[in-house]
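We count ligands from 1, going down the list as the structure has it; atoms in each ligand are counted the same way.
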Amino acid sequence: MNLTQQEIAQLAEHLESAELQAHDVTKITDDFPQMDWDDAYAIQADILRRKLARGNKLVGLKCGLTSRAKMKQMGVETPCFGFLVDYFSVPEGGEIKVSELIHPKVEPEIGFVLKRPIRGPGCHVGTVLAATDFLMAGIEIIDSRYRDFKFDLKSVIADNCSSSRFVLGGQAVPQDGLDLRTLGVVMEKNGEIVAIGAGAAVLGHPAAAVAMLANHLGKRGEEIPAGTIVLSGGVTEAVSVAVGDRVNLRVQGLGSVSTSFI
Ligand code: 0L1
Ligand code: MG
């Protein structure tokens with residue numbers, strides 16, 4: 001690690017304030033070019049610590065930048081991992097206040113809930129499928145705190161991978177019999193189709209993203225707990241939304257989920 005504890009705490013406060021006050025900032029590597037990967041995850045962990053100290057609850061984990069479309073859109077080559085806390089969760093069909101966000105975008109996600117914890121190293125698609133309790137369709141609302149969504153991977157990891165809100169569909173579906181690679185995904189904004197994809201867009205198989213997360217956590221002596229929601233990463237590119245937009249997502253075999261922006 002190249003940053004001091006004081007710098008990590010200062011950057012966590014800087015990024016969390018930008019989130020809570022809904023204002024953008026420049027990417028933090030501009031001022032701290034020496035920052036390494038461990039520093040980036042340490043800043044993210046300090047943002048989580050701040051939220052837990054304030055009484056928020058950890059409710060899930062997310063994989064980000066797991067599809068070629070997303071990597072190309074954001075100009076990066078490697079997935080990233082973040083956390084989800086209670087107030088990020090919006091009920092199915094619920095409304096999201098744009099005034100609380102900076103420049104939100106939506107992306108279609110496949111949500112996994114595990115029946116038993118998994119911990120890397122060595123996790124693979126089979127490990128994840130064997131531990132999966134059920135799957136859910138999900139819309140993730142990402143909202144980078146960086147101006148114009150311009151960042152590098154270390155900056156975005158520190159910023160909790162742009163996590164902001166998420167909406168899960170009303171169906172919890174066992175994965176038996178579903179081929180997650182060929183699950184069709186259709187996302188509509190105001191009745192117009194804005195993104196189409198299939199599960200294989202996520203690292204060849206959405207469970208591969210969850211396995212990568214378990215292996216990432218394993219290196220830190222952590223695991224994916226049972227019962228927590230894990231988002232696979234967007235199946236397609238993210239789509240910008242604004243006040244008045246209504247987004248509907250249909251995932252083959254997992255049902256639909258919608259949300260409105262007010
Ligand atoms: O959930 C995601 O795939 C987003 C990860 C962070 C990059 C971005 O803001 O697009
Ligand atoms: Mg995502």
Atom [atom1] of [X] and atom [atom2] of [Y]: how far apart are they, to the nearest 0.5 Å?
X	Y	atom1	atom2	result
Q34	D39	CD	CG	7.5 Å
L20	L15	CG	CG	11.0 Å
I142	F166	CD1	CZ	15.0 Å
T259	E140	OG1	CD	13.0 Å
N215	R119	CG	CZ	12.0 Å

### Task
Please work out which of the three classes, parallel, tilted or perpendicular, describes the rings of F88 and F83, given edges at 30° and 60°.
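Parallel: the ring planes of F83 and F88 meet at under 30°.
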Looking at [atom], what's its closest protein heavy atom, distance included?
atom	result
atom 5 (C) of ligand 1	C161 O, 3.5 Å
atom 10 (O) of ligand 1	K70 NZ, 2.9 Å
atom 9 (O) of ligand 1	S162 OG, 2.5 Å
atom 2 (C) of ligand 1	E107 OE2, 3.0 Å
atom 3 (O) of ligand 1	L65 N, 2.9 Å

Ligand 1 atoms in contact with [X] (distance to a heavy atom under 4.0 Å):
X	result
E140	1 (O)
V156	6 (C), 7 (C)
F151	7 (C), 8 (C), 9 (O)
F149	9 (O)

Write the atom name of the N, O or S atom in [X] that is nearest the Mg ion (ligand 2).
X	result
E109	OE2
E140	OE1
E107	OE2

### Task
For a side chain to side chain contact (heavy atoms under 4.5 Å, CB included) with L84, tell me which candidate from L61, T228, I229, V230 qualifies.
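Single side chain to side chain contact (heavy atoms under 4.5 Å, CB included) partner of L84 among L61, T228, I229, V230: I229.
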### Task
Please determine, by modelled atom types, if R250 and S256 share a side-chain donor-acceptor pair under 3.5 angstrom.
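No, no side-chain donor-acceptor pair sits under 3.5 Å.
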